[in-house]
Structure formats: structure tokens, C-alpha cells
2 protein chains.
Amino acid sequence: MSHKKFQKPTDAELEILQVLWAHGPSSVRFVNDQLNAIRKIGYTTTLKVMQIMVGKDLVNRNTDARTHIYEANVSEAETQSKLLENFLDTAFRGSATRLVMQALGNHQTSRQELAAIKNLIEKIENQE
Amino acid sequence: MSHKKFQKPTDAELEILQVLWAHGPSSVRFVNDQLNAIRKIGYTTTLKVMQIMVGKDLVNRNTDARTHIYEANVSEAETQSKLLENFLDTAFRGSATRLVMQALGNHQTSRQELAAIKNLIEKIENQE
DNA sequence: AATGATCTACGAATGATTTCGTAATGCAAT
DNA sequence: ATTGCATTACGAAATCATTCGTAGATCATT
């Protein structure tokens, strides 16, 4: 198993990863179209970022066909976990609790979701 | 009431805000000393960032005395809330629940804290 | 008032990210 | 094969954040 260190994706890279996570292996054209549904961004810009991501091992690229197909090489959960860790430190001074309480307090959260979280808490409580 | 749009503080700015939030109105010297307890950073670097923050209305500055006194002009809770919102969108596609579950799952959280969160959840549940 | 210490102001170097223009290549349809 | 279109590759400009050097002002001490 390799031991590459976690390269924090930039904002532009994260946008692209989200398309790949949501839709699976995709061409640059497809990713660019998805991004343009949200904001204007040039085709070659998207291409360039995706090429950089290959260099960072954030994505894999299949170059068999003329149109290259890109695939996420980092999992959504793992990436989120590491981004979260970083975010916790810089914005919340490491207090997961304050973050959680802020997240729950400020956002519409369904009854089901709340139940799921309570469930998780109870699991953690019983783990010790 | 004014309607300035939220200027996301940069990492360096956030470090400084955290000193101001923790200690109240402070001189550049004091803030710089606090930061240097954690990492090496030049005095004029800190000064420059704090001057930029005045331009962004992140801090207020009292220039009566020769040594200017800076004070946070954004609250910790409000700033965290907005950073969180932004982070939710970019990293978690807006799902507060997934973020919360990740935060609780991956971090040491004390029994007391878990209880506090459960408490909050019950309050939210009863609110509807 | 001269010296030294401390402070602010300013500008500019550095480095990272984002952006896109241009050129070259491959494919498809005539 | 030629034309036209979509794609990749490359490089460089534009932007942004971070860093600090230098100069000039203010203050305290002698």
C-alpha cells in the first residue's frame, strides 16, 4: 500500500471531484458542462485543472480513446474527512462539538436525520 | 442596517481574528506575539494583514494613540456560521447531516459533549 | 537635540491558484 | 484528401494571499 501524503484539493479541484463523485468517470466536456450549469468557466480551464489533478493523483485518466476519461482517485468520504479536520482546526479551533452544534442549529435538519445522529451518538457512547 | 456582503477571511486573517476574539482589542505587537507562540511570523507581516483587514471591515482600528488598537468587527459565532455554510457547500454539497456524522465519528468527543449535542437535538425535535 | 527603540505606511517579491489563448493533433463527413 | 470540429497540450497572464524590507514618523531617554 502506497503512502502518498494527502494533497488538499483546491476549490476548483473540489468542484471537479464533486462532479466525478456524483456521476462517475467522465470526459472533460461533461465535467465542464456540469460546472457551467453553476458558473461560467472555459473549457480549457477545466481541462487544465483536471490535468493538474492527474499530477496530484487526485484523479486517474484513461487515455485509450481520443477523449480522455477521468475518474476520481480519492474517495468522497476520505476527502471530506480530511478537509473537515483541516477546517475544524482553522475555523473552530478543533472543537468538533462547537462545529456540530452550529451545523445543527443553523440548518434545516429533518426528523429522520436528527434521529440518525442521535443513534450515532448513542453508538459512540456505548463504545467506550 | 448595512448590507455588506460576507468577505470570507483568509487563513492568515482568521488566525488574527482568533487572537482578537480571545483577548479583545489589541495592538499589532500583542497579536504578533500571540501568533509567534505558535509559528514564526514577522511583525510587519502581521501589521500588513491587519491593515488589509481594516479595508475589508473585518476589524476596526483606533488610531488615537501612536500604537493603534485593533478590534474584531465580526463576531466569532457569525463568522463561524458563514464559514461553515461555505464549507458545507464546497465540501459536503450542503448536507449538514453528513458533516455532523463525519465530525462525530472521526473525533474524540467527550461524554459531556455528546450529551450536550443530544440535548440540542432534542430541543430541535421539540421545536417543530 | 541626539540616539535608539518602536511603530506605521508602502511597495514589491514570492508562491499558489485560476484562467484562458494558441497551437497541434485526431476524427468525421463530405 | 480537404474541411471543419472537438480534443489535448502547453505556456503564460491574471489574480490572490502571504511575506517582508525599507523608509519615515513618533516617542522616550539621555
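These values consider heavy atoms only, across backbone and side chains, with no hydrogens, waters or symmetry-generated copies. Lettering follows sequence order; numbering is per chain, from 1.
Contact between A:Ala103 and B:Leu99 at its shortest, heavy atoms only, is CB-CD2, 4.2 Å. A:Lys40 approaches A:Asn36 most closely through the heavy-atom pair CA-OD1, 3.4 Å. Heavy atoms only, all atoms of each residue included: B:Asp57 and B:Asn73 are closest at O-ND2, 3.0 Å. Smallest separation of non-hydrogen atoms from A:Leu17 and A:Met53: CG-CE, 3.6 Å. Of all the heavy atoms in A:Leu83 and B:Ala91, the pair that sits closest is CD1-CB, 4.0 Å. Scanning both residues, B:Ile117 and B:Leu104, for their nearest heavy atoms gives CD1-CD2, 3.8 Å.
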Could I get a table of every N or O pair under 3.5 Å where one atom is in the protein and the other is in nucleotides 14-18 of chain C?
unit_1, atom_1, unit_2, atom_2, d
C:dT18, OP1, A:Asp11, N, 3.4
C:dT18, OP1, A:Ala12, N, 3.1
C:dT18, OP2, A:Thr10, OG1, 2.5

For nucleotides 23-30 of chain D, list the nitrogen or oxygen atoms of the protein found under 3.5 Å from its nitrogen or oxygen atoms, one pair per line.
unit_1, atom_1, unit_2, atom_2, d
D:dT26, O2, B:Arg66, NH1, 3.0

Give each protein N/O atom lying under 3.5 Å from an N/O atom of nucleotides 28-30 of chain C, with the pair distance.
none

Pick out the pairs of N or O atoms, protein on one side and nucleotides 13-15 of chain D on the other, that lie under 3.5 Å.
none

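Identified under the salt bridge (charged side-chain N to carboxylate O under 4.0 Å, His left out) test for residues 12-37 of chain B, with sequence neighbours left out: B:Glu13-B:Lys56, B:Glu15-B:Arg39.
Residues passing the side chain to side chain contact (heavy atoms under 4.5 Å, CB included) test with A:Glu76, sequence neighbours excluded: A:Trp21, A:Gln80, B:Arg98. Residues forming a side-chain hydrogen bond (donor to acceptor under 3.5 Å, both in side chains) with B:Lys48 (at least two apart in sequence, or on another chain): none. In terms of the side chain to side chain contact (heavy atoms under 4.5 Å, CB included) criterion, residue partners of B:Gln112 (sequence neighbours excluded) are, by chain and number, B:Ser110. Looking at residues two or more places apart in sequence or on another chain, you find a salt bridge (charged side-chain N to carboxylate O under 4.0 Å, His left out) between B:Glu122 and A:Lys118. For A:Asn62, the side chain to side chain contact (heavy atoms under 4.5 Å, CB included) partners two or more places apart in sequence, or in a different chain, are A:Asp64, A:Ile69. Checked against side chain to side chain contact (heavy atoms under 4.5 Å, CB included), B:Asp89 has no partners two or more places apart in sequence or in another chain.
Residue B:Met50 contributes atom CE, which lies 12 Å from atom P of C:dA9 at whole-angstrom precision. For the pair A:Leu47 CG and D:dA12 C1', the computed distance is 15 Å after rounding to whole Å. Atom NE2 of B:His68 and atom P of C:dC10 are 11 Å apart (whole Å). Put simply, CD1 on A:Ile41 is 10 Å from C1' on C:dC20, counting in whole angstrom units.
Checking each of B:Leu58, B:Val31, B:Val59 against B:Ile16 for a side-chain contact (heavy atoms from CB on, under 4.5 Å) leaves exactly one that passes, namely B:Val31.
Looking at A:Asn60, its side chain never comes within 3.5 Å of a backbone N or O of A:Tyr70 through a donor-acceptor pair. Side chain of B:Asp11 to main chain of A:Thr90: no donor-acceptor pair is present (N/O by atom type, distance under 3.5 Å, no hydrogens or angles).
Using a 4.0 Å cutoff on non-hydrogen atoms, the parts of residues 25-34 of chain A near DNA chain D are A:Val28, A:Arg29, ordered by number.
Taking side-chain N and O atoms only, A:Gln51 has no distance below 4.0 Å to OP1 or OP2 of D:dT8.
In this structure, the nucleotide among C:dC20, D:dC20, D:dT7 sitting nearest to the side chain of A:Tyr43 is D:dT7.
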